[in-house]
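Input: a single structure, listed below in structure tokens.
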Amino acid sequence: MRVPLSWLREYVDLPAGETGRDVQAKLVTAGLEVETVEQLGAGLKGPLVVGHVLAIEELEGFKKPIRYCQVDVGQANGTGEQQNIVCGARNFAVGDKVVVVLPGAELPGGFAIAARKTYGKVSEGMICSASELGMSDDHDGIIVLPPEYEPGTDAIELLELVDEVLDIAVTPDRGYCLSMRGVARETATAYGLPLRDPALLDVPSPNSHGYPVTVGDPVGCDRFTARTVTGLDPQAHSPIWLRRRLQKAGMRPVSLAVDITNYVMLELGQPLHAYDRARINGTIGVRRAEQGEKFTTLDGTKRVLDAEDLVITDESGPIGLAGVMGGANTEIADAAADPATGETGGTTEVVIEAAHFAPVSIARTARRHKLSSEASKRFERGVDPEATSAAAQRTVDLLVLLAGGTAEAGVTEIISPSAPHTITLRADHPDRVAGVAYGRETVVRRLQQIGCDVYGADDLTVTVPSWRPDLTDPNDLAEEVIRLEGYENLPATLPQPPAGRGLTERQRLHRRVGRALAGAGYVEALNYPFIGAEVLDQFGLAADDPRRDLVTLVNPISDTEPALRTTLLPGLLAALRRNDGRGEHDLALFETGLVFRASGAPRTAVTLPVDHRPTDEEIALLDAALPRQPRRAAVVLTGAREQSGWWGTDTPATWADAVEAGRTVAREAGVELIVRQDQQEPWHPGRCAALLAVVDGQEVLVGNAGELHPRVTKALGLPERTCAMEIELDRLEEAGSGSLEAPRVSTFPVATQDVALVVDTAVAAADVESALREGAGELLESLRLFDVFTGEQLGAGRKSLAYALRFRAADRTLTADEIAAARDAAVALAAERTGAVLRGA
């Protein structure tokens with residue numbers, strides 16, 4: 001919101017020497033974000049005066065049209081003689097009044113003016129355009145003034161060229177500050193001065209003689225005011241003061257009727273629309289659009305409407321997109337002359353619309369049609385519903401004053417009954433929020449300053465003003481008291497929280513996993529938790545795969561990724577692809593975080609209170625409305641796992657590294673994984689491992705690891721042989737034994753026994769390993785598979801698995817007989833369960 005200081009002074013009697021910087025400091029203290037203070041006319045020095053064009057001589061022989069003008073500038077040049085000025089503009093004629101800058105003056109930007117010879121003539125000054133004076137970016141031609149101004153009149157004062165403009169970044173909760181009225185109220189409060197409210201107007205009562213209006217959707221439009229003005233002069237133009245205020249506020253003057261509606265919107269914050277009465281066909285209505293209904297807006301775009309769009313209609317159909325933009329079919333007509341008859345037309349009767357629309361409805365319509373307007377920006381932030389009548393009256397008054405119109409006696413006003421919003425809070429609530437003793441008198445005074453009606457002693461009943469829809473809870477009122485008393489006055493005090501119990505076991509596991517993977521050479525890559533269905537198609541997931549049951553966001557950041565992730569792999573693989581494309585080909589990335597699984601039918605979350613701690617039941621209801629959010633860890637890797645050097649060639653990353661990453665994670669939870677062959681998208685069916693853990697005596701799938709399917713790597717643009725692992729940490733925590741115990745250092749020696757067992761190729765190594773562990777008993781310290789061999793000497797369909805078994809007792813040195821007995825028991829149980837035969841036996 002751009003706020004000219006000269007305009008602001010109309011509503012607040014600021015001290016005479018107060019500058020824009022001073023006002024900026026006050027408003028920033030009050031909580032407004034005043035980004036800049038623009039100095040209009042900085043560096044401008046006169047004489048800059050009104051000139052009367054007496055004669056124009058067309059100069060020939062140049063590449064572009066050049067005119068030699070004789071201009072009367074009164075006594076501004078000290079002699080009263082005419083000024084001779086060379087000008088290339090074509091939009092003025094003999095008899096027009098223009099703006100002339102004389103020799104000795106200086107324009108903004110350090111452009112000094114002097115008499116100089118150009119195009120064979122001496123030019124004694126310059127006829128100015130709006131852009132040269134810093135008024136606007138209009139380069140179409142020079143400024144043509146109304147004929148009533150005398151030559152020699154000071155144009156700096158006439159055009160209000162010197163001013164200060166505050167540029168305020170209005171946050172969504174402070175929509176009332178998108179108006180001079182709102183900013184003036186904040187300024188008056190900050191300075192402790194009275195406010196001249198521009199909305200305090202004498203408004204006639206509604207009657208049955210106004211323009212007929214029907215509201216078919218009282219929820220979307222709870223207030224509609226219509227006024228009619230007739231007898232407008234189509235030739236009337238916006239006066240200079242009105243055009244300059246619009247330009248300073250960042251708006252482009254268009255025509256008198258449109259400029260007046262824009263001016264009132266800037267002044268009161270209430271968007272308005274003026275319809276050409278001659279183009280309206282019957283009763284004005286407000287309803288929801290029909291699905292697929294078509295409508296052409298003022299910008300000339302033909303739009304297909306949605307059933308949720310709120311539209312203004314007449315008997316022919318839509319004439320306006322409510323709260324966003326009017327229709328081309330009822331646009332105010334220009335006063336252009338008919339080339340055949342010479343007669344001028346234009347709008348002579350207008351119907352003024354001042355309505356209040358539901359903020360959410362307007363916001364959705366503006367985003368749906370990608371059509372953000374000054375009106376929609378205000379409606380979606382919330383405007384004052386009580387200001388519609390005053391805004392319509394102000395518009396009528398200006399049309400009568402500036403366009404010579406006549407206000408019809410009829411006043412249409414449709415209002416849906418609604419009670420004012422009240423909030424109950426304790427008088428010391430702001431004190432407890434801020435930690436400062438304000439006292440009841442201060443709290444009541446500050447709330448009254450923002451327009452609230454306050455009643456009560458210890459318990460206050462506060463009626464919120466109509467222009468503050470953002471005040472809904474006691475804490476909102478506390479914030480108003482605190483900001484007006486000054487955030488800078490809040491003492492710096494350290495909070496005194498109760499002693500905590502430290503990290504939970506879940507948090508400890510999460511941190512241990514991150515440290516372990518980082519220690520194993522993986523780099524953490526944090527990704528946004530959003531995905532689209534397209535990546536799941538690229539993964540080749542079946543239609544009934546649980547990972548396709550997405551939780552879709554109502555307001556996604558990107559339309560291509562509207563859902564929450566059900567797996568960590570899409571984000572990690574995107575990071576891997578991005579880094580590989582930038583020249584990093586040896587990559588090992590990991591991420592730990594939440595995935596989101598839909599938990600039944602969607603539920604509406606309860607609104608938790610802000611003035612006291614929610615109950616356990618309220619928290620439970622809130623949790624029940626959320627999707628299930630298991631915590632996972634995942635890795636992706638490609639290229640070399642170990643770099644080449646003098647010690648030898650590099651070692652490429654394989655599916656085995658992905659499996660080992662799963663074991664690394666599981667060990668941090670105190671779990672020994674069971675690894676079996678599996679087939680699971682998006683992994684290669686022959687190079688995919690299922691990672692299982694024992695929970696309550698049952699083997700439970702906790703993750704998968706292996707090499708990605710070639711179709712997946714091609715679809716995602718990944719390097720060949722890319723590998724990945726994903727594992728669920730919550731399941732590992734269930735399978736674990738709780739806190740990890742530090743390893744014991746034994747003073748007794750270890751005994752190592754190697755055994756090679758021949759089994760069928762269909763037998764899983766995990767089954768052999770499980771039998772060996774159980775058979776070896778408590779003396780077995782560790783077991784490791786160190787070789788897998790197949791060959792003709794073993795026979796078709798057979799393989800050899802070689803294990804290293806480490807035996808140790810905690811209280812003694814084992815004897816050879818004890819070691820042999822434990823080894824033989826292990827081999828015997830493996831033979832019984834898997835048909836294993838000791839190789840070479």
Side-chain angles (χ1 to χ4, degrees), residues 209-216 221 224-238 253-262 264-265 271-287 289-290 293-305 309-341 343-355 357 369 371 373-375 388 391-392 395-396 398-400 402-412 414:
H209 307 298
Y211 198 92
V213 176
T214 60
V215 176
C221 175
F224 195 106
T225 300
R227 300 287 300 276
T228 303
V229 181
T230 61
L232 300 178
D233 179 7
Q235 302 296 326
H237 297 286
S238 300
V254 179
S255 63
L256 179 57
V258 175
D259 291 348
I260 287 175
T261 58
N262 286 336
V264 175
M265 177 184 68
L272 302 106
H273 191 74
Y275 299 96
D276 188 333
R277 184 177 181 178
R279 298 186 176 187
I280 301 177
N281 184 11
T283 302
I284 292 177
V286 183
R287 61 170 172 83
E290 298 175 4
E293 193 171 12
K294 295 181 180 179
F295 169 64
T296 302
T297 47
L298 279 172
D299 58 0
T301 303
K302 191 170 186 179
R303 304 183 184 277
V304 178
L305 303 181
D309 293 334
L310 196 65
V311 292
I312 311 298
T313 66
D314 63 7
E315 294 180 5
S316 64
I319 60 174
L321 198 54
V324 180
M325 186 174 286
N329 51 350
T330 56
E331 182 180 7
I332 300 295
D334 295 331
D338 189 332
T341 63
E343 297 180 356
T344 57
T347 299
T348 59
E349 298 182 350
V350 297
V351 176
I352 304 300
E353 167 210 307
F357 303 110
H369 295 283
L371 187 62
S373 64
E374 291 293 333
T388 56
T395 305
V396 168
L398 289 174
L399 285 172
V400 171
L402 302 178
T406 301
E408 286 194 352
V411 178
T412 301
I414 299 176

(message) I'd like to know if the side chain of D233 reaches the main chain of A403, judged simply by a donor and an acceptor atom lying under 3.5 Å from each other, with no hydrogens or angles considered.
(response) no

(request) Provide the closest heavy-atom pair for V350 versus I332 in the form atom of the first, atom of the second, distance. (result) CG1-CD1, 3.6 Å

(request) Over all heavy atoms of both residues, which pair between G410 and R227 is shortest? Give the atoms and the distance, please. (result) O-NE, 4.0 Å

(request) Rounded to the nearest 0.5 Å, what's the gap from CZ on F224 to CD1 on I414? Could you check? (result) 7.5 Å

(request) Please report the shortest heavy-atom distance between T261 and A274, naming the atom on each side. (result) CG2-CB, 4.1 Å

(request) Report the residue from V400, L399, T406 that forms a side chain to side chain contact (heavy atoms under 4.5 Å, CB included) with L232. (result) L399

(message) Is there a side-chain contact (heavy atoms from CB on, under 4.5 Å) between T301 and H369? Walk through the geometry before answering.
(response) CA-CA 10 Å; T301 303; H369 295 283; over 6 Å; no

(message) If I take atom OG1 from residue T412 and atom CD1 from residue I352, how far apart are they, to the nearest 0.5 angstrom?
(response) 12.5 Å

(message) I need the minimum non-hydrogen distance between V229 and G405, along with the two atoms involved.
(response) CG1-CA, 4.0 Å

(request) For residues I312 and Y275, determine if any side-chain heavy atom of one lies less than 4.5 Å from a side-chain heavy atom of the other. (result) yes

(request) Mind checking the CG-CG spacing from N329 to D314? Nearest 0.5 Å is all I need. (result) 7.0 Å

(request) Kindly determine whether R277 and T228 satisfy side-chain contact (heavy atoms from CB on, under 4.5 Å), including the steps that lead there. (result) CA-CA 8 Å; R277 184 177 181 178; T228 303; 3.2 Å; yes

(message) So which atom in R279 and which in T330 form the shortest heavy-atom distance, rounded to 0.1 Å?
(response) O-CG2, 3.8 Å

(message) A side-chain contact here means heavy atoms from C-beta on lying under 4.5 Å apart; do D309 and F295 qualify?
(response) no

(message) With side chain to side chain contact (heavy atoms under 4.5 Å, CB included) as the test, pick out the partner of L310 among V286, V324, L305, L321.
(response) V286

(request) Would you confirm whether N281, through its side chain, and G317, through its main-chain N or O, come within 3.5 Å as a donor-acceptor pair? (result) no

(message) Could you tell me if the side chain of E353 sits less than 4.5 Å from the side chain of I319, heavy atoms only?
(response) no

(message) Could you tell me if the side chain of M325 sits less than 4.5 Å from the side chain of D299, heavy atoms only?
(response) yes

(request) State the CG-CD distance between L298 and E331, to the nearest 0.5 angstrom. (result) 5.0 Å

(request) Indicate yes or no: at least one non-hydrogen side-chain atom of P318 is less than 4.5 angstrom from one of R287. (result) yes

(message) What I'd like to find out is whether the side chain of P234 reaches to under 4.5 Å of the side chain of T348, using heavy atoms alone.
(response) yes

(request) Can you measure from CD1 (I260) to CG (L402) and round to the nearest 0.5 angstrom? (result) 5.0 Å

(request) Compare every heavy atom of S373 with every heavy atom of G323, then report the nearest pair and how far apart it is. (result) O-OG, 4.4 Å

